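Sequence lines set the chain letters: A, B, ... in the order given, protein chains first and strands last, and positions in each chain run from 1. Nothing here was measured: the structure is a model prediction, and the numbers come from that model.
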Amino acid sequence: DTAVSQTPKYLVTQMGNDKSIKCEQNLGHDTMYWYKQDSKKFLKIMFSYNNKELIINETVPNRFSPKSPDKAHLNLHINSLELGDSAVYFCASSHRSNQPQHFGDGTRLSIL
Amino acid sequence: QQPVQSPQAVILREGEDAVINCSSSKALYSVHWYRQKHGEAPVFLMILLKGGEQKGHEKISASFNEKKQQSSLYLTASQLSYSGTYFCGTLTGTASKLTFGTGTRLQVTL
């Protein structure tokens, strides 16, 4: 039974489109995260939610909007996709910020 | 600011040892270590809290020197399965965000 699951695994789309990535965790964790890993493999936090409340909102374009319908789900919607959005997006969860984070398998987003 | 890891990359023969360093410009509350194999998600290895503790996970251990704002990961008698990119992650407080380091690519060969 997958602990943190993301869908889709691959996303290939054209510039200007809108897309969503879904994330679900069954670990009972209170905190969920979105990370972006670029081509140089740097892992950068984008957002963090604790019990459906946004607690970290990094300098990310407004085109990225997270939504947490409940503490087990954290989705990421991206409007007007640009070439620079191509990356691997990881969802993760933990009990608290100072606890181990469990990552999903990632969503590989390619913009044509 | 992102913690800096050194070396950027290292190639080892099976059975050799390696040390990966993580250095921060900020005072640290804790350091996390993760390993990411190619095409996979990062996997948690260990957390070190301030107090200079040392932790071990089989033949992988780590230390944390809060005065120097540094942590080191020690891999002894490396195995092929140790290959991957190692990331440190640092927290400056209990409620702060985890900031990942620049990464160290480790390759273990026969």
Side-chain angles (χ1 to χ4, degrees), chain A residues 2-7 9-10 21 23-25 27 29-51 53-60 66 74 87-110, chain B residues 1-5 7-10 20 22 26-51 53 55 57 60 62 64 66 71 83-107:
Chain A
T2 309
V4 181
S5 59
Q6 286 179 236
T7 52
K9 195 173 168 98
Y10 298 96
I21 306 172
C23 179
E24 177 182 0
Q25 54 97 3
L27 297 166
H29 289 163
D30 291 326
T31 308
M32 295 185 73
Y33 313 84
W34 277 112
Y35 288 92
K36 180 180 180 181
Q37 187 169 44
D38 60 22
S39 54
K40 291 183 180 174
K41 304 298 180 194
F42 293 144
L43 259 172
K44 195 158 186 290
I45 190 160
M46 299 172 71
F47 304 102
S48 174
Y49 272 74
N50 183 271
N51 269 318
E53 188 186 333
L54 180 67
I55 55 170
I56 293 172
N57 186 354
E58 286 296 284
T59 313
V60 174
L74 179 61
V88 181
Y89 292 85
F90 285 103
C91 174
S93 71
S94 68
H95 279 299
R96 288 186 201 87
S97 63
N98 200 33
Q99 298 288 315
Q101 292 188 17
H102 296 254
F103 284 77
D105 288 337
T107 295
R108 282 140 191 87
L109 175 63
S110 299
Chain B
Q1 199 168 352
Q2 196 172 24
V4 176
Q5 290 182 229
Q8 281 187 325
V10 58
I20 299 171
C22 173
K26 297 182 180 181
L28 299 176
Y29 176 77
S30 67
V31 179
H32 299 211
W33 283 97
Y34 288 78
R35 176 171 61 209
Q36 183 179 26
K37 291 184 183 277
H38 182 67
E40 297 181 11
V43 173
F44 170 76
L45 292 175
M46 64 188 81
I47 290 177
L48 298 105
L49 300 174
K50 65 178 183 178
E53 68 173 294
K55 269 197 165 180
H57 174 75
I60 300 175
F64 176 25
E66 63 187 271
S71 177
S83 294
T85 301
Y86 289 78
F87 290 99
C88 66
T90 58
L91 278 168
T92 55
T94 53
S96 68
K97 65 182 183 208
L98 191 66
T99 302
F100 281 96
T102 48
T104 295
R105 236 170 86 182
L106 179 84
Q107 187 182 347

Q | Partners meeting salt bridge (Lys or Arg N to Asp or Glu O under 4.0 Å) with D38(A) (sequence neighbours left out) | A | none
Q | Atom pair NZ (K97(B)) and OG (S48(A)), whose distance is rounded to the nearest 0.5 Å | A | 11.0 Å
Q. How long is the span from the CG atom in L98(B) to the CG atom in N98(A), to the nearest 0.5 Å?
A. 8.5 Å
Q. So, F44(B) versus F103(A), ring centres under 6.0 angstrom or not?
A. no
Q | Part of R108(A) within contact of chain B (heavy atom distance under 4.5 Å) | A | side chain
Q. Which pair of heavy atoms, one from G104(A) and one from A41(B), lies closest together, and at what distance?
A. O-CB, 3.0 Å
Q) Counting heavy atoms not belonging to K37(B), are there more than 12 under 6.0 Å from its NZ? A) yes
Q. Given a strict heavy-atom distance threshold of 4.5 Å, which part of Y35(A) is in contact with chain B: side chain, backbone, both, or neither?
A. side chain
Q) Going by heavy atoms in the side chains, are H32(B) and Q101(A) under 4.5 Å from each other? A) no
Q. Is the CD atom of E53(A) crowded by more than 12 outside heavy atoms at less than 6.0 Å?
A. no
Q | Interface residues of residues 40-47 of chain A facing chain B - heavy atom cut-off under 4.5 Å | A | K41(A), F42(A), L43(A), I45(A)
Q.
Is Q99(A) close to chain B through its backbone or its side chain, or both, or neither, when contacts mean heavy atoms under 4.5 Å?
A. backbone
Q) By a 4.5 Å heavy-atom criterion (distance strictly below it), what part of L91(B) contacts chain A: side chain, backbone, both, or neither? A) side chain
Q: Measure T102(B) against the heavy atoms of chain A and call it side chain, backbone, both or neither at under 4.5 Å.
A: both
